[in-house]
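What's counted below: heavy atoms across the whole structure, side chains too, no hydrogens, waters or symmetry copies. A, B, ... follow the sequence lines: proteins, then strands. Residue 1 opens every chain.
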Amino acid sequence: MIKNLVIVESPAKAKTIEKFLGKDYKVLSSYGHIRDLKKKDFSIDISKNYKPLYEIPADKKKLVDELCKLSKEAETVWLASDEDREGEAIAWHLYEVLGLSPEKTKRIVFHEITKNAILHAIDNPRSIDNNLVNAQQARRILDRIVGFELSPILWRKVKPALSAGRVQSVAVRVIVEREREIQQFKADAAYRVIALFKVKDDKGNITEMKAELNQRLQTKEEALALLESCKKADFPIEEITQKPLKKSPAAPFTTSTLQQEAARKLNFSVSQTMMVAQKLYEAGHITYMRTDSMNLSEMAIATAKEEITQSMGEQYVKTRQYHTKSKGAQEAHEAIRPTYMNKAAIDGTAQEKKLYDLIRKRTIASQMSDAELEKTTVTIGIGENKYKFLAIGEVIKFDGFLRVYRESTDDETESSDSDARLLPPMSVGELLDFAEISATERFTQRPARYSEASLVRKLEELGIGRPSTYAPTISTIQQREYVEKGDRTGEERQFNTLKLKSNKISDTTGKEMVGNEKAKLFPTNIGIVVNDFLTEYFPDILNFNFTANVEKEFDNIAEGEIEWTTAIDSFYKAFHPVVERTSAIKTEHKVGERILGVDPKSGRQVSVKISRFGPVVQIGTADEEEKPVFASLKKSESMETISLEAALKHFELPRTLGEYEEKEVTVGAGRFGPYVKHNSVYVSLPKGGDPMTIKLEEAIVLIEEKRKKESEKQIKTFEQDPDIEVLNGRYGPYIAYKKKNYKIPKGKVPAELSYEECMSIINSK
DNA sequence: CAGTGAGCGAGCTTCCGCTTGACTT
């Protein structure tokens, strides 16, 4: 018999809270939502005023039974889910499903997991806020309507198993639009002029000081003219200004900022960050990792202060409260911070240690004083010229929070200004000599493609998605093949440098690589076609402000100003007819189909489109007597821009090279790249191998190499069981047994494995 | 991860948010 049953959302939280509350309280977790719209069906009864049809998912049944049993036994049930829209709905679903009565049910909330906060909550129970619950139901139903009405249109008009939704479709749009900006981008060149002046440092030694012209010069003529004028000009120091500069620390981590910094500083993917953070949370090292709040508890602020004072001194402390600015933030939790501020290091994997360290430093820094810097600007004249050279120096007077933590940025732009340092002593009126002056052609940078983390930042800016969905959204749009994560080698670009040295001007051409990108998100052909289709027919849903607008409606519902069904009805009445009309449009062609021209060989039409299995080139049409022929598009080829010639190239393969050992040798391009086929054996072409130009002799070499490898592949077999083989694979030796492969433990020599040893390796798996 | 190299069609697919395991490799 238990007196009090407390239900929270997370089991780790339950464990902590139970310690605070003592033996009269049993604390259990609902593991998030316990009930949802049915998974398969539409599950909204439009004719009954949008009545939702809820069900308890199969994997929650056991848990709900358990909660049911204990809630019957308890005197009081405390619904302690989070204080936000979803949390309120969880409380309400629990109330309904567990069949609770108003008398024995209390709704409590707390923002931080401290004993005081929880006892305070227990002393101040309330009842379930039905308006807030209804706002959640509206959110849920709107998302279901959008997702389940749009997706089937895509199945019919583009490709089966695709999906669309309020969040994912806008995420794809962001990426497609960035790609178009990049395509349309034209780099502007301008000359950046830098002078190296000779100055004495404080010890009297000559050093070089870098100064940049206060303006970039648009043309080579201007640059040449400037350098020419520098030949006989004086370079007087006209002005020296000193300006104090303050830098403030970044706010403590939210989910989104943690994902961004872990990507920049630790190279973690968004989902990797979340997995590691989850482990830290479960081990009790950090507070909850899915949060949009920058708030720190009083206890956290106090212990941070203590920690800073002890380790660095009082002058480093500055108590700060941060407020979340992001759209639609619900702030049900604290910021992500260490549970115990004084714990400098934790036990765990290398990744866990690194992420913990990042979180701790960021939190500590957020409670530290500003860094104080002094920025010195020296203005240097060029004879009578209107242009000036500027030398900029920066000195840190007091490091403040910089002692602990410096936030990174995504900009990989020219970083030469960021290494500004202390300038040597100088005085106004002093005339300077230069060592050299160079004018280098610099180009404006095209916009960068999104990384996972910068996409999260963009979505957060737009108020789209929630801390719990950023990582899943990114994996959804990749699973649907709308977007691909990949690298792209940049292009080589030439640039011109003019240099004035020893009274002579040289003119040289340099080379640089531009636009190198790693682990960035690229839209696929399917992503582009789906996006263009949706933005054309459903501009309202794809609008970047759609979520922000419906959030306002949800707020109105939460305030009790409007019925949730009224809000949904007005949305549905506008949306559904568009769905109907769009589905009814009889298109002769598939969405995204492009006719490229006529095949000169057969006289048949050549087109590109998205087929059941992805983008293809097609020769002929379905209505002709002779069936059309197809070839898959390569990933790097764009449906929008591919030419007729490039499309026809696909049909030149497979081609026959000749005969070897009385069997035909052919070369083709398969799913996994180009290959040579001989006697029904496939050999992949080495990297860079071109199936269009490969010669028979080269192909034979490949075939022989494969045979040799094949013969060396088998290391050992056993009489006892011919199914067991010790083989040499691409990644080293392994054991193959009945279609499955097994790793050989370290320290074993593959050729010396006994039958018994192999069996035990197999059985231990 | 340990080899792959079609096919144009039956039934199925799908949303967003809240939360963790339980399964492999």
Engineer: With a 4.5 Å limit on heavy-atom distance, are the side chains of A/Arg35 and A/Glu96 in contact?
Structural biologist: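 The answer is yes; the side chains approach within 4.5 Å.
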Engineer: Which listed nucleotide (B/dC16, B/dT20, B/dT13) is nearest to the side chain of A/Glu282?
Structural biologist: B/dT20
Engineer: Thinking salt bridges, do A/Asp143 and A/Arg139 make one under a 4.0 Å N-O criterion?
Structural biologist: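 Result for this pair is yes, salt bridge flagged.
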Engineer: Stacking check: are the rings of A/Trp155 and B/dT13 less than 5.5 Å apart at their centres and under 30 degrees in tilt?
Structural biologist: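 Aromatic stack with B/dT13 present for A/Trp155.
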Engineer: Given 3.5 Å as the limit, does a donor-acceptor pair link the side chain of A/Arg604 with the main chain of A/Glu626, or not?
Structural biologist: yes
Engineer: B/dT19, OP1 or OP2 - any side-chain N/O from A/Arg35 closer than 4.0 Å?
Structural biologist: no
Engineer: What does A/Gly465 touch in the nucleic acid at a heavy-atom separation under 4.0 angstrom: a base, only the sugar-phosphate, or nothing?
Structural biologist: sugar-phosphate
Engineer: A cation-pi test, strictly: NZ or CZ of A/Arg107 under 6.0 Å from the centre of the six-membered ring of A/Trp92 and no more than 45 degrees from its axis. Yes or no?
Structural biologist: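 No.
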Engineer: Among A/Arg85, A/Arg166, A/Lys327, A/Arg466, exactly one meets salt bridge (Lys or Arg N to Asp or Glu O under 4.0 Å) together with A/Glu551. Which residue is that?
Structural biologist: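 Exactly one candidate clears the test, A/Arg85.
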Engineer: Between atom CG in A/Asp84 and atom P in B/dG17, what is the gap in whole Å?
Structural biologist: 12 Å
Engineer: Grab the NE2-C1' distance between A/His333 and B/dT19 for me, whole Å please.
Structural biologist: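 Atom-to-atom, A/His333 to B/dT19, this comes out as 10 Å.
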Engineer: Scan A/Ala12 against the nucleic acid and name what it touches under 4.0 Å (heavy atoms): base, sugar-phosphate only, or nothing.
Structural biologist: nothing
Engineer: Identify whether any heavy atom of A/Gln168 sits under 4.0 Å from a base atom; if not, whether one sits that close to sugar-phosphate; answer base, sugar-phosphate or nothing.
Structural biologist: sugar-phosphate
Engineer: A/Asp82 near the nucleic acid: base, sugar-phosphate alone, or nothing, with a heavy-atom cut-off under 4.0 Å?
Structural biologist: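 Touches sugar-phosphate only.
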Engineer: Describe the nucleic acid contact of A/Pro628 in one word from base, sugar-phosphate, nothing, applying a heavy-atom distance below 4.0 Å.
Structural biologist: nothing
Engineer: In whole Å, I'd like the distance from the CD1 atom of A/Ile56 to the C1' atom of B/dC18.
Structural biologist: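 Value for this atom pair: 16 Å.
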Engineer: Look at the side-chain N and O atoms of A/Arg466 and state whether any lies under 4.0 Å from the OP1 or OP2 oxygen of B/dC18.
Structural biologist: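 Yes, because at least one side-chain N or O of A/Arg466 sits under 4.0 Å from OP1 or OP2 of B/dC18.
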Engineer: Assess whether salt bridge (Lys or Arg N to Asp or Glu O under 4.0 Å) is satisfied between A/Asp36 and A/Arg140, documenting all intermediate values.
Structural biologist: CA-CA 9 Å; A/Asp36 189 16; A/Arg140 180 68 189 92; 2.8 Å; yes
Engineer: Which nucleotides of nucleotides 7-12 of chain B have their base under 4.0 Å from a protein heavy atom (B), which only their sugar-phosphate (S), and which neither (-), written as one string 5' to 3'?
Structural biologist: BBB-B-
Engineer: Verify the contact: side-chain N or O of A/Gln278 to OP1 or OP2 of B/dT20, cut-off strictly under 4.0 Å; return yes or no.
Structural biologist: yes
Engineer: Nearest-nucleotide wise, let me know which of A/Arg166 and A/Arg290 is further upstream toward the 5' end of DNA chain B.
Structural biologist: A/Arg166
Engineer: Donor-acceptor pair under 3.5 Å: do we get one between A/Arg139's side chain and the base of B/dC16?
Structural biologist: yes
Engineer: Tell me whether the side-chain N/O atoms of A/Tyr288 come closer than 4.0 Å to OP1 or OP2 in B/dT19.
Structural biologist: yes
Engineer: Considering only the C1' atoms, how many Å lie between B/dT24 and B/dC1, rounded to the nearest integer?
Structural biologist: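 The same atom, C1', in both gives a distance of 13 Å.
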Engineer: In whole angstrom, what separates A/Glu481's CD from B/dT13's C1'?
Structural biologist: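 One finds 14 Å between C1' of B/dT13 and CD of A/Glu481, rounded.
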Engineer: OP1 or OP2 of B/dT20 less than 4.0 angstrom from a side-chain nitrogen or oxygen of A/Ser10, does that happen here?
Structural biologist: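 Affirmative; the distance criterion is met.
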Engineer: Whole angstroms only, please: what is the CD1-P distance between A/Ile541 and B/dC16?
Structural biologist: 12 Å
Engineer: Using a heavy-atom cut-off of under 4.0 Å over every strand shown, decide if A/Gly165 touches base, sugar-phosphate, or nothing.
Structural biologist: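 Sugar-phosphate contact only.
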Engineer: For a quick test of reading the model: is some side-chain N or O of A/Arg140 closer than 4.0 Å to OP1 or OP2 of B/dC18?
Structural biologist: no
Engineer: What is the nucleic acid contact for A/Val146, judged by heavy atoms within less than 4.0 Å: base, sugar-phosphate only, or nothing?
Structural biologist: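 The residue A/Val146 makes no contact with any strand.
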Engineer: Among side-chain atoms of A/Glu88 and A/His93, is any donor-acceptor pair under 3.5 angstrom?
Structural biologist: no
Engineer: Just call it for A/Tyr470: base, sugar-phosphate, or nothing, with non-hydrogen atoms closer than 4.0 Å on any strand.
Structural biologist: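 Contact class for A/Tyr470: none.
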Engineer: Could you tell me how far B/dG5 sits from B/dT25 if I compare only their C1' atoms? Round to whole Å.
Structural biologist: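 It comes out at 23 Å once rounded to the nearest Å.
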Engineer: Round to a whole Å and report the spacing from NZ of A/Lys61 to P of B/dT19.
Structural biologist: 22 Å
Engineer: For B/dT14, does OP1 or OP2 lie under 4.0 Å from any side-chain N or O of A/Arg144?
Structural biologist: no
Engineer: Quick one: is the NZ or CZ of A/Arg480 closer than 6.0 Å to the six-membered ring centre of A/Tyr482, and within 45° of its axis?
Structural biologist: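 Here A/Arg480 fails the 6.0 Å and 45° test against A/Tyr482.
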Engineer: Any idea how A/Phe533 and A/Phe538 line up, ring-wise: parallel (<30°), tilted (30 to 60°), or perpendicular (>60°)?
Structural biologist: perpendicular
Engineer: Can you check the distance between B/dG9 and B/dT13, where both ends of the measurement are the C1' atom (answer in whole Å)?
Structural biologist: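 Rounded to whole Å, the distance is 15 Å.
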Engineer: Would one find a side-chain N or O of A/Ser151 under 4.0 angstrom from OP1 or OP2 of B/dC15?
Structural biologist: no
Engineer: Rounded to the Å, how far apart are A/Met289 CE and B/dC18 P?
Structural biologist: 12 Å
Engineer: Hey, is the main chain of A/Leu542 close enough, under 3.5 Å, to the side chain of A/Arg173 for a donor-acceptor pair?
Structural biologist: yes
Engineer: To the nearest Å, give me how far apart OH (A/Tyr675) and C1' (B/dA6) are.
Structural biologist: 11 Å
Engineer: Does the aromatic ring of A/Tyr31 sit over the six-membered base ring of B/dC18, closer than 5.5 Å centre to centre and tilted less than 30°?
Structural biologist: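 According to the criterion (under 5.5 Å, under 30°), no, A/Tyr31 does not stack.
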